Each structure stands twice: as C-alpha cells, then as structure tokens.
Amino acid sequence: MAQEDRHLLALTGVGALSPEYRVDAGEWEGGRWLAVRWIDGTPLWRTLALARGPEGDRPSVRPWLLGIARTWAEQLERLHAVGWAHADVQPTNTLITPDGRATLLDFALSCGPDTTGRLPYRGALTHTTAPEIADAILTTPADTHIQARPPADIWGLGASLFWCWTGHRPVPYADDTPRTDKLRAIAGGKRLQLDDARPWSFPVLEEIVTACMASAPDERPTAADLVAIIEETE
C-alpha cells in the first residue's frame with residue numbers, strides 16, 4: 001500500500017494521473033490506509049458478457065468495443081509517455097464506466113524510472129503476463145527486480161481483450177497447472193488461435209488483439225499507435 005501511494009504521487013507529479021484520483025493516505029494503529037476516487041464502473045469481464053455470445057454480433061457493439069480499447073490505450077499512453085509501465089494490465093484492474101470508457105486501477109506494481117526502494121517486481125496475473133516477463137521470471141532469482149516496459153502493458157491489453165471477448169484465456173493450460181509451467185507456455189509462444197476462439201467475426205478488433213500479442217515486444221504497437229489506429233476506424 002505504501003508503494004502504491006508513492007507511485008500515485010509520482011504519476012500525479014508527472015501528469016500521468018489526474019490529481020483527483022488519489023484522495024489521501026496515512027497510518028493508523030492497524031497499519032496503513034489509502035483512499036482513491038470512487039469510479040462508477042464495471043469490471044471488464046462482466047462488461048463484455050454480452051459480446052461473448054452470438055447476440056453481441058450487432059452494429060452497436062462494434063464501436064462500443066473499439067471505444068473501450070481506445071480509451072484503455074489512451075490511459076496507457078499517458079503512463080508510457082513519462083517512462084512508466086502499469087505492469088498489471090488485466091481485466092480486474094480495468095473498470096468500464098457507463099459511457100463505455102476504460103479506467104485503469106491498482107498502480108501498486110507499476111514500474112517507473114526510479115527502481116530504488118521498491119519491492120521487486122516479479123510479474124502479476126499469470127494469464128495476462130507478456131512472454132518477455134514470463135521468460136525473465138523463469139530465468140532470474142526470486143528476489144531479482146524485473147523492470148516491466150510499455151510493450152508488456154500492450155500485451156496485457158491484448159490478452160485481456162482476447163480473454164474477455166472470447167471467454168477463453170489466450171494461452172491454453174489447465175487451471176491446476178503449476179504457475180511455472182504456465183509461464184513456460186507463455187514464454188514459449190503457445191496461444192489459442194483467435195479464429196477458433198472468437199464468438200463472432202470482428203476483423204478490426206481481431207487485428208488489434210493480434211498486433212498487441214506479437215511475440216517480440218518491438219513488434220507490438222505502442223499505446224499511441226493503438227489510439228491512432230482505432231480513431232481511424234471509429
């Protein structure tokens with residue numbers, strides 16, 4: 001909690017977060033507390049429930065999905081522009097407001113330019129872990145800090161959209177598979193084919209998700225690229 005508070009102050013200071021997001025923080029006899037602005041929104045998985053079924057294949061759903069992806073990328077663009085990565089881009093850290101805008105939450109694991117005095121980053125939710133992060137976890141000691149970079153956030157965005165739109169995690173493994181084996185599957189490039197998993201055809205979204213999940217970090221679009229691509233189609 002103390003680390004997230006430091007991150008919120010730093011991100012606010014460089015203009016990546018609105019000053020209204022962090023309300024206050026402090027200590028009490030039971031530990032620490034942190035208050036942030038209440039966001040009226042629904043987690044991504046619940047929001048995309050309609051789109052996961054055949055009834056989601058309707059004209060009104062397409063721009064709505066693209067609007068979610070664009071506003072999500074816009075938030076990441078602000079972080080990436082000042083040298084930060086969110087480092088935990090996943091469905092439960094993304095709320096969708098009633099007007100269809102994505103809002104990022106939980107900056108505790110974020111990676112910025114200053115790595116001193118922080119807890120070592122060792123990845124976040126396995127299912128949305130980028131291949132390069134999975135490989136680094138597997139090949140470094142448990143107390144080694146892994147510096148997440150913006151391309152890992154882009155992978156997380158693509159993996160989250162894949163998962164919440166299709167209803168299937170993008171990398172196939174059983175629920176009871178050990179985490180190490182899950183990470184090996186991710187690092188090794190194993191992935192479900194979007195053509196086989198999608199609930200209905202949406203070429204524009206499929207191209208965006210596929211580009212975000214390119215195996216090589218430098219082959220993924222930047223957050224700014226994503227915003228521009230989506231704006232051209234809206």
Side-chain angles (χ1 to χ4, degrees), residues 1-17 21-22 25 31-32 34 36 43-44 72-73 75-95 102-163 169-171 173 177-189 212-223:
M1 190 176 295
Q3 176 166 285
E4 178 162 18
D5 188 37
R6 292 194 300 273
H7 290 173
L8 294 182
L9 289 169
L11 288 165
T12 301
V14 293
L17 281 181
Y21 181 73
R22 177 189 179 275
R32 298 187 62 88
L34 172 65
V36 298
L44 186 71
W72 202 351
Q75 295 222 342
L76 289 174
E77 181 183 7
R78 290 195 287 273
L79 266 67
H80 297 172
V82 293
W84 282 75
H86 183 275
D88 193 10
V89 176
Q90 51 139 310
T92 55
N93 283 343
T94 309
L95 293 181
T103 302
L104 276 171
L105 307 172
D106 195 348
F107 297 85
L109 299 180
S110 298
C111 293
D114 184 5
T115 61
T116 58
R118 63 159 296 147
L119 298 172
Y121 176 72
R122 299 295 299 174
L125 182 69
T126 303
H127 312 318
T128 52
T129 298
E132 65 272 19
I133 299 294
D135 181 69
I137 295 170
L138 293 168
T139 56
T140 58
D143 59 352
T144 300
H145 172 68
I146 299 167
Q147 184 73 355
R149 308 290 181 185
D153 283 349
I154 300 301
W155 172 278
L157 188 156
S160 297
L161 288 173
F162 186 118
W163 184 6
R169 294 188 296 252
V171 179
Y173 39 65
T177 300
R179 183 170 188 254
T180 298
D181 291 338
K182 292 177 180 177
L183 292 170
R184 288 196 184 101
I186 295 169
C212 288
M213 297 184 68
S215 296
D218 59 359
E219 293 179 359
R220 298 171 204 154
T222 65

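Computed from a predicted structure; not experimentally measured.
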### Query
Considering all heavy atoms of both residues, which atom of Ala87 and which atom of Ser110 are nearest to each other, and what is their separation?
CB-CA, 4.2 Å

### Query
Any side-chain heavy-atom pair from Trp84 and Pro150 closer than 4.5 angstrom?
no

### Query
Heavy-atom distance under 4.5 Å between the side chains of Thr94 and Ser160, does that happen here?
no

### Message
Using side-chain heavy atoms (C-beta onward) and a distance below 4.5 Å, is Val89 in contact with Trp72?
### Response
yes

#### Entry: side chain to side chain contact (heavy atoms under 4.5 Å, CB included) evaluation trace for Arg184 with Thr180
CA-CA 6 Å; Arg184 288 196 184 101; Thr180 298; 3.4 Å; yes

## Note on the structure
Contacts satisfying salt bridge (charged side-chain N to carboxylate O under 4.0 Å, His left out) that involve residues 129-139 (not counting sequence neighbours) are Glu132-Arg220

### Message
Could you tell me if the side chain of Leu105 sits less than 4.5 Å from the side chain of Tyr21, heavy atoms only?
### Response
yes

### Query
Hey, are the side chains of His86 and Leu76 touching, using non-hydrogen atoms and a 4.5 Å cut-off?
yes

### Summary
Value for CZ (Arg22) from CG (Leu11), rounded to nearest 0.5 Å, stands at 12.0 Å

### Query
Does a side-chain heavy-atom distance below 4.5 Å link Ile154 with His80?
yes

### Task
State whether the side chain of Arg122 and the backbone N or O of Ile137 hold a donor-acceptor pair below 3.5 Å, judged by distance alone.
yes

### Task
Give the minimum heavy-atom separation between Arg6 and Arg118, together with the two atoms involved.
NH2-CA, 4.4 Å

#### Entry: Residues in side-chain contact (heavy atoms from CB on, under 4.5 Å) contact with Thr92, at least two apart in sequence or another chain
Gln90

### Query
Below 4.5 Å, heavy atoms only, C-beta onward: do Thr128 and Pro91 meet side chain to side chain?
yes

### Taking every non-hydrogen atom, the tightest pair across Met213 and Trp155
O-CZ3, 3.0 Å

### Query
For the residue pair Leu109 and His7, what are the closest heavy atoms and their distance?
C-CE1, 4.3 Å

### Message
In the structure I gave you, are the side-chain heavy atoms of His127 and Ile186 within less than 4.5 Å of one another anywhere?
### Response
no

### Message
Between Asp88 and Asn93 (side chain of the first, backbone of the second, donor and acceptor by atom type, cut-off under 3.5 Å), is there such a pair?
### Response
no

### Task
State, to 0.1 Å, how close Trp163 and Pro170 come at their nearest heavy-atom pair, and which atoms those are.
CB-CD, 4.2 Å

### Message
Give me the atom names and distance for the closest heavy-atom approach of Ala134 to Leu183.
### Response
CB-O, 3.6 Å

### For Glu4, all residues meeting side-chain contact (heavy atoms from CB on, under 4.5 Å), sequence neighbours excluded
Leu8, Leu34, Asp106, Phe107, Ala108

### Summary
To the nearest 0.5 Å, atom CG of Asp218 lies from atom CZ of Arg149 at 14.0 Å

